[in-house]
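Have a look at the structure below before the remarks.
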Amino acid sequence: MNKIMLFAQLKEDMGKSLMEVEVSGKTVGELRVFLEEETPLGSLDGIMIAVNEEFVKDDWVIGEKDEIALIPPVSGG
Amino acid sequence: MNKIMLFAQLKEDMGKSLMEVEVSGKTVGELRVFLEEETPLGSLDGIMIAVNEEFVKDDWVIGEKDEIALIPPVSGG
Amino acid sequence: MDSQLERYSRQMLFKPIGPEGQIEIGKKHALIVGVGALGTHTSELLARAGVRKLTLIDRDYVDRSNLQRQHLFTERDAAEQWPKAEAAKERLKNINSQVEVEAIVAQADAALLEDIIADVDLLVDGTDNFETRFLMNDLSQKYKIPYVFGSCVGSFGMAFTIIPGVTPCLQCLIKRLPLQGQTCDTVGIIAPAVQMVTAHQGAEALKILSGNMEAVRKTYVSFDLWENEYLSLKADALKESNCLSCGETPEYPFLQSGQEMKVAVLCGRDTVQIRPADNQSFPLEKLVDQWRSAGLAVGGNPFLISVTKDGAKAVFFKDGRALIHGTKDLNEARKIYHSLVG
Amino acid sequence: MDSQLERYSRQMLFKPIGPEGQIEIGKKHALIVGVGALGTHTSELLARAGVRKLTLIDRDYVDRSNLQRQHLFTERDAAEQWPKAEAAKERLKNINSQVEVEAIVAQADAALLEDIIADVDLLVDGTDNFETRFLMNDLSQKYKIPYVFGSCVGSFGMAFTIIPGVTPCLQCLIKRLPLQGQTCDTVGIIAPAVQMVTAHQGAEALKILSGNMEAVRKTYVSFDLWENEYLSLKADALKESNCLSCGETPEYPFLQSGQEMKVAVLCGRDTVQIRPADNQSFPLEKLVDQWRSAGLAVGGNPFLISVTKDGAKAVFFKDGRALIHGTKDLNEARKIYHSLVG
């Protein structure tokens with residue numbers, strides 16, 4: 001299983017700040033499509049994705065038990 | 001091996017913020033004595049010790065690869 | 001000890017700065033774009049720390065609803081609707097008369113920023129929108145000036161230090177903007193989240209200004225103070241060699257005229273039209289959810305959405321174009337737009 | 001919206017607070033002990049957030065070397081040596097005239113604190129010494145009032161929220177004080193470290209005051225902003241069932257007369273004698289290293305050590321007893337003692 005941490009808008013959309021899914025073997029790009037299609041998160045365009053405390057590109061392959069964080073850049077200041 | 005993170009005064013005394021030693025099997029109390037006798041840290045009286053991100057008492061036994069942090073409560077404000 | 005430096009004694013006692021670092025700080029000029037929550041905190045911090053010069057740019061004036069989180073400002077500043085940059089300058093002069101403070105009450109556009117960039121040593125992010133951030137990012141890359149990014153909303157925030165030639169730039173990190181409508185005007189903001197961002201921005205600024213480049217943070221910090229979460233994320237893998245801002249053949253797109261957000265009064269009407277920059281995605285449904293959730297009146301038809309806020313009515317089309325009714329003031333319209341969209 | 005509440009609109013838009021939480025905050029009384037770096041930040045934050053009442057206690061006056069990190073104060077406050085609590089009050093009234101601010105210029109001893117504790121809802125740590133912190137800790141336990149601990153030096157700091165009956169107390173966590181001489185006067189302090197502590201203290205205060213107890217942080221935060229380190233450490237295992245402050249048969253040792261640090265003018269001499277409280281270890285060699293490293297003149301003989309700071313000479317004996325020469329002012333002597341020892 002993989003843990004996914006959600007922040008800000010994404011936490012609101014999902015109704016929780018942590019979800020568990022099995023996405024190992026998928027690329028990060030495939031994870032985006034999966035989450036957009038299977039969850040209430042909606043478009044993840046522009047959301048930064050970190051795997052094991054490191055931001056990675058969409059071709060990165062997720063491993064078993066990898067911990068994922070979805071970071072929406074917010075604009076306030 | 002165990003990693004020990006050092007902060008503030010302790011970092012100064014040791015000349016570095018991270019040290020590696022093998023102390024698994026020792027209790028935290030024994031770790032205190034070991035560090036006081038074998039390193040430049042001097043008295044660790046009053047220093048808080050965390051193992052794997054959790055503060056523990058002096059009878060706690062350190063495991064292999066456990067990560068240790070020495071936190072000196074500072075007084076400034 | 002030099003009597004002018006004696007006030008910084010506690011900062012000089014900090015060994016990585018020391019008297020040498022303090023002298024370096026005292027030679028430096030920081031440009032703070034946006035003097036709201038982040039900008040008031042960082043400008044106070046840098047004025048107290050003893051920089052040579054601070055330039056503050058903000059187009060807005062002080063409102064009572066700013067006082068909950070924007071330091072430097074008082075009830076009187078709000079009652080008199082004093083421009084933020086000028087109100088900040090007045091307070092900063094009382095705090096540290098040795099620091100030169102230049103206040104510019106204007107939209108921070110490419111022309112203005114390129115005009116004043118000559119001797120700037122550091123760019124500090126105090127803005128409330130990504131259009132201005134991408135402009136600062138291009139400026140940082142073109143003139144090789146470190147840029148300390150920061151932003152926050154609710155109890156959530158983030159900070160990252162961009163060193164040209166070393167780290168990824170903002171364009172590498174965020175290719176398309178997630179305009180999901182979480183702004184301080186829709187989901188609120190608590191002051192501790194502001195301070196958490198500025199604690200990071202301030203520490204990075206002091207490292208850079210005192211010449212301690214090796215201490216600069218290499219990770220992207222993201223936190224939620226209400227959820228008690230703190231992440232420190234490596235970002236190197238996102239550096240793009242073909243990035244248009246920091247890559248091998250940079251074009252600095254946000255410094256090119258024609259690329260910026262277009263804001264214009266509609267001829268003969270009390271309405272301003274806004275066309276966002278190209279690289280923004282525009283999920284109108286999410287925006288509508290946010291606005292409803294914030295208690296705003298939302299209407300519309302299959303072709304457009306209208307939302308009313310602070311007496312002004314904004315109409316959004318599906319491509320992101322917006323009409324702000326009830327004003328001819330471009331800055332007022334920008335303010336309403338960013339407060340709704342981000 | 002109530003026009004009095006409208007200024008807090010961005011805080012009420014934050015859902016976990018909301019209008020109900022804002023009304024709660026507006027009923028609460030926070031006591032801030034120490035109005036230095038931490039205390040000025042947290043008092044500004046809570047005044048802007050709209051608490052009903054703030055009580056500020058500080059024995060000291062504003063000095064120019066405070067201005068580098070202590071918000072609220074200006075050059076004029078330093079030139080006029082205005083008492084910190086009063087200078088803070090004056091500024092806070094300009095920021096939020098709806099908040100009642102009581103300034104007390106005095107040593108925060110047990111008698112004073114027990115006298116004013118009656119309707120206090122929250123204790124906020126702004127002090128620079130552990131003697132006062134242990135006093136606040138006992139007060140927190142005896143009267144069942146949450147206590148938000150914080151401290152910092154250099155770029156290093158920490159924060160922890162103590163909820164009586166739930167979390168360990170300060171006495172459980174720190175049984176003996178490590179008086180290693182790292183104070184803001186010996187190793188310095190940078191303002192971002194202060195803001196990092198107060199961001200945490202402020203968030204915890206808002207949770208508690210708005211009635212969001214389930215959101216209160218359960219971990220002990222410790223960070224170093226220059227080293228880019230942040231730890232969030234579980235502390236439950238340190239709770240002691242036989243703790244004298246929070247255990248099953250509490251004695252609140254720091255509220256007992258005779259247990260506090262003893263400070264007295266020596267008869268007929270321009271000298272104050274200080275005897276520290278019992279639970280302190282006293283590694284004189286480490287202190288000497290710190291003082292030398294801070295550039296202070298240190299002398300001595302096999303029986304005692306003398307150190308000169310700001311024109312005053314302090315003499316330390318091996319058991320921790322100290323003589324502060326050149327003053328008959330107890331508070332001045334305390335200030336010198338804590339600036340050297342912690």
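The sequence lines fix the lettering, A, B, ..., with proteins before strands; numbering per chain opens at 1.
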Quick one: pull up CE in C/Met196 and OG1 in D/Thr198 and give me the separation to the nearest 0.5 Å. 10.5 Å
Whatever's closer than 4.5 Å to a heavy atom in chain C on D/Ser210 counts as side chain
If we define contacts as heavy-atom pairs under 4.5 Å, which of C/Ser155, C/Ala49, C/Ser232 has the most with chain D? C/Ser155
Give the minimum heavy-atom separation between C/Leu13 and D/Ala294, together with the two atoms involved. CD2-O, 4.1 Å
Quick one: closest heavy-atom pair of C/Ala199 and D/Leu225, and the distance? O-CD1, 3.7 Å
Between D/Asn212 and C/Trp226, does the side chain to side chain contact (heavy atoms under 4.5 Å, CB included) criterion hold? Intermediate values first, please. CA-CA 10 Å; D/Asn212 282 280; C/Trp226 210 268; 3.6 Å; yes
Heavy-atom pairs under 4.5 Å with chain D: which of C/Cys184, C/Ala47, C/Ala191 has the most? C/Cys184
Chain C contact via D/Thr186 - side chain, backbone, both or neither, heavy atoms under 4.5 Å: backbone
Going by residue number, which parts of residues 65-75 of chain D are within reach of chain C, meaning a heavy-atom gap below 4.5 Å? D/Ser65, D/Leu67, D/Gln68, D/Arg69, D/Gln70, D/His71, D/Leu72, D/Phe73, D/Thr74, D/Glu75
If you tally heavy-atom pairs under 4.5 Å against chain D, which of C/Thr42, C/Thr219, C/Ile95 wins? C/Ile95
On a heavy-atom basis, the closest approach of C/Gly202 and D/Pro192 is C-CG, 3.5 Å
With rounding to the nearest 0.5 Å, note down the distance linking CD in D/Gln195 to CG in C/Leu45. 5.0 Å
Residue selection (most heavy-atom pairs with chain D, distance under 4.5 Å) from C/Val153, C/Val194, C/Val197, C/Asn96: C/Asn96
Within 6.0 angstrom of C/Lys93 NZ, more than 12 heavy atoms from elsewhere: yes
Testing D/Lys207, D/His200, D/Lys218 for side-chain contact (heavy atoms from CB on, under 4.5 Å) with C/Asn228, which one passes? D/Lys207
Pairs of heavy atoms under 4.5 Å with chain C: top-ranked of D/His41, D/Lys15, D/Arg64, D/Arg217: D/Arg217
Residue among D/Asp128, D/Asp185, D/Asp63 satisfying salt bridge (Lys or Arg N to Asp or Glu O under 4.0 Å) with C/Arg10: D/Asp185
For D/Phe160, enumerate each residue passing the ring pair (Phe, Tyr, Trp, His ring centres under 6.0 Å) test, keeping only those at least two apart in sequence or located in another chain. D/Tyr220
Identify which part of D/Val216 has an atom lying under 4.5 Å from any heavy atom of chain C, answering side chain, backbone, both or neither. backbone
Is it true that, when you exclude D/Lys309 itself, more than 12 heavy atoms of the residues, nucleotides or ligands shown sit nearer than 6.0 Å to its NZ? yes
